[in-house]
Amino acid sequence: MTTPTSSAPTESAPAGPAVRGLPVRVLRGVCAALASFLAFLAAAIVLGAYFPAIPKAGVIGPVLGGQYPFHIALLALVAAALAASAWRFGLVRWGRAVTVVTALCAVGALAIGAVQFRAAQAAGVEVSVGEVLTGLAYPAVKPDATETYASPEGEALQVDAYLPARASGGRAPAVVLAHAGGFHTFDKSDLRGTGRWLADHGVAVFAVDYRLARPDRPTWDKAPQDLAAAMEWVQRNADKYGVDPARISLGGMSAGGTLAMNTAYRLQVGTLTAPGGGTPRPPASVIGFYPGTDVTRMWEEDIAGTREAAEMFTGGTPQQYPDRYREVSPTSDVRPGLPRTLLVVGDRDRSARPETVTAFGDALKKQGVPTEVRQLPFAEHAFDDAYGSLTSQTSRQILLDFLTDDAR
């Protein structure tokens, strides 16, 4: 007699095809979704870095691809690995295509890093790979001293001093630095990374606040006086801080660079005095990192808020206040006898266009002003925001060499 076999599954029976396929489908879907998102992001950044004219991608690409190329390469490789997994799990054509695209993105990002690395080496930078990978923002460093250098209209203006170790009998070169921010935002703390690094390499740094513009308070006639007052304060306190009074420079980033050049040139030609009538000596040299050279042009081009910044700074339009726009534009003071000048700009900068900065440098050179213009590859405006990036490390070395060139 035959014993009937039960059709009910036992605990040890293998799962059916539907049960086995469910985890695979879920995993494939997750890999595909993540790979698609990361691939789109990486492709937009890399394409934008190479072709800034592409709408939107040309805005984020130079910023992220220019400051974080190795991180973008890693992002693309992760996307490639996820796409390859989806390919293995059955999405053959899609997985193959995304794997190829993301691999090309990784190569493109690494090529950006290679170009920037060569530029860093050419500038004499001892590249810190650790900083490239981990220095994503300003470092958490503090100044050696914070003082009030002036109190115009009852507003205390402060300076952060970053000081080198004092050599026996020696005096350090110094630079007064004005922060970026479109004349109306940010503060001196944005300069802490640059300040500490320069101090560690023998240059005293005085990062200053200045009166910021507001809709009800233009500062075209105030901020330059504040920088003049800061120069006078540092010169007066040179002994206290171990600074060589003959080697005090003035510089700034973006709008701070515009103010620094405008102040330095006007001090040189005698059209600017500090509040209270004091007139500091002109700076030994002047530095503009990605500066606006013509405030009227800033208004006309209106890129990334430059028109709003120009109007807030001057109190109106170029048609309303042509004299104000002319007075605060460094282009208005190009003439022989100006201080030695350094201009640094990214070749992808949309607001401080490299061709505009280069043309300004050429105009200075034609007047016999010793001028150095440096363009950094794959760099946008504020290329030094990521402290450890190759562009930031390169720009710091260029600045250090410029400030100490007369001592070598």
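- The main-chain N or O of G388 is never found under 3.5 Å from a side-chain atom of S392 such that the two would form a donor-acceptor pair.
- In this structure, the side chains of P218 and M312 stay at 4.5 Å or more apart for every pair of heavy atoms.
- Between the side chain of Q67 and the main chain of T391, no donor-acceptor pair closer than 3.5 Å is present.
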Subject >> side-chain hydrogen bond (donor to acceptor under 3.5 Å, both in side chains) assessment of Q397 paired with D401 >> reply: CA-CA 6 Å; Q397 186 66 53; D401 291 343; 3.0 Å; yes
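- We find that R307 and E311 are not joined by a salt bridge, their nearest charged nitrogen and carboxylate oxygen being 4.0 Å or further apart.
- Comment: E155 engages R217 in a salt bridge, judged by a side-chain N to carboxylate O separation of less than 4.0 angstrom.
- Remark: the backbone N or O of L133 is paired with a side-chain donor or acceptor of H71 at under 3.5 angstrom.
- Checked against the 6.0 Å centroid criterion, the rings of H381 and Y290 qualify as a close aromatic pair.
- Side-chain atoms of T404 and L400, non-hydrogen and from C-beta on, do get closer than 4.5 Å to each other.
- Taken to the nearest 0.5 Å, the OH atom of Y149 stands 6.0 Å off from the CG atom of L227.
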**OP:** Before giving the answer on side-chain contact (heavy atoms from CB on, under 4.5 Å), spell out for L399 and I287 the whole-Å C-alpha distance, their side-chain angles and the decisive distance to 0.1 Å.
**Re:** CA-CA 8 Å; L399 178 55; I287 302 103; 3.8 Å; yes
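- Applying the salt bridge (Lys or Arg N to Asp or Glu O under 4.0 Å) definition to pairs two or more places apart or across chains, those involving residues 352-362 are E301-R353.
- From T306, atom OG1 reaches atom CD1 of I303 across 6.0 Å, with rounding to the nearest 0.5 Å.
- Across A156 and T148, no two heavy atoms sit closer than the pair CB-CG2, 4.1 Å.
- Using a cutoff of 4.0 Å between basic side-chain nitrogens and carboxylate oxygens, D190 and K188 are not scored as salt-bridged.
- Pairing each heavy atom of A80 with each of T99, the nearest pair is O-OG1, 3.8 Å.
- Within the structure, the salt bridge (Lys or Arg N to Asp or Glu O under 4.0 Å) test picks out the following pairs touching residues 120-136 (sequence neighbours left out): E131-R396.
- The pair K142-D160 fails the salt-bridge criterion, with no side-chain N (NZ, NE, NH1 or NH2) lying under 4.0 Å from an Asp/Glu carboxylate O.
- The OG1 atom of T331 lies 9.0 Å from the CE atom of M261; values are rounded to the nearest 0.5 Å.
- No side-chain heavy atom of V208 sits under 4.5 Å from any side-chain heavy atom of L157.
- For the salt bridge (Lys or Arg N to Asp or Glu O under 4.0 Å) condition, no pair includes a residue of residues 42-65, sequence neighbours left out.
- We find that R266 and E327 are joined by a salt bridge, their nearest charged nitrogen and carboxylate oxygen being less than 4.0 Å apart.
- Within a 6.0 Å sphere centred on CD of Q235, heavy atoms belonging to other residues, nucleotides or ligands number more than 12.
- No donor-acceptor pair closer than 3.5 Å links the side chain of R192 to the backbone N or O of V141.
- A distance-only check finds no donor-acceptor pair linking the side chain of T185 to the backbone of G181 [under 3.5 Å].
- The two residues R335 and V369 make their nearest non-hydrogen contact at O-CG2, 3.5 Å.
- Across every non-hydrogen atom of P62 and G48, the tightest pair is CD-O, 3.5 Å.
- Looking at heavy atoms from C-beta onward, E147 lies in side-chain contact with W233 at the 4.5 angstrom threshold.
- Screening residues 202-211 for salt bridge (Lys or Arg N to Asp or Glu O under 4.0 Å), with sequence neighbours left out, gives E153-R211, R211-D226.
- Side-chain atoms of E372 do not come within 3.5 Å of backbone N or O of T341 as any donor-acceptor pair.
- Judged as a side chain to side chain donor-acceptor pair (under 3.5 Å), and not counting sequence neighbours, the contacts of D385 are Y138.
- Counting heavy atoms from C-beta on, the side chains of D405 and R340 come closer than 4.5 Å.
- In this structure the side chain of V334 never reaches within 4.5 angstrom of the side chain of K366, judged on heavy atoms.
- Considering all non-hydrogen atoms of both residues, P291 and A352 come closest at O-CB, 3.4 Å.
- At a threshold of 4.5 Å between non-hydrogen side-chain atoms, the residues V78 and L38 count as touching.
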**OP:** Take E380 and I60 through the test side-chain contact (heavy atoms from CB on, under 4.5 Å) and record every step on the way to the result.
**Re:** CA-CA 9 Å; E380 236 281 19; I60 66 168; over 6 Å; no
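- Note that the OH atom of Y387 and the CG atom of L136 stand 13.0 Å from one another [nearest 0.5 Å].
- A donor-acceptor distance shorter than 3.5 angstrom exists from the side chain of S85 to the backbone of A81, with no hydrogens or angles considered.
- Taking both residues in full, the closest heavy atoms of P318 and W299 are given as CD-CD2, 3.4 Å, listed atom of the first, atom of the second, then distance.
- Between F383 and D347, the closest side-chain pair of non-hydrogen atoms is not below 4.5 Å.
- Although no hydrogens or angles enter the test, the distance criterion places no donor-acceptor pair under 3.5 Å between the side chain of T194 and the main chain of L191.
- Here the straight-line distance linking atom CD of Q375 with atom CG of D349 works out to 10.0 Å at 0.5 Å rounding.
- Note: T314 OG1 to Q320 CD = 8.0 Å, rounded to the nearest 0.5 Å.
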**OP:** Go through V295 and R324 one step at a time and tell me if the side-chain contact (heavy atoms from CB on, under 4.5 Å) criterion holds.
**Re:** CA-CA 9 Å; V295 181; R324 294 183 183 182; over 6 Å; no
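- Residues F206 and Y162 keep their aromatic ring centres 6.0 Å or farther apart.
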Less than 3.5 Å apart, which donor and acceptor atoms pair up between the side chains of residues 111-123 and the rest of the protein, not counting sequence neighbours?
residue	atom	partner	partner atom	Å
Q116	NE2	G66	O	2.8
Q116	NE2	P377	O	3.2
Q116	NE2	F378	O	3.3

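- Under the 4.0 Å criterion applied to side-chain N and carboxylate O atoms, R196 and D144 are assigned as salt-bridge partners.
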**OP:** Show your reasoning for whether side-chain contact (heavy atoms from CB on, under 4.5 Å) applies to T356 and R297.
**Re:** CA-CA 10 Å; T356 301; R297 187 164 185 165; 3.3 Å; yes
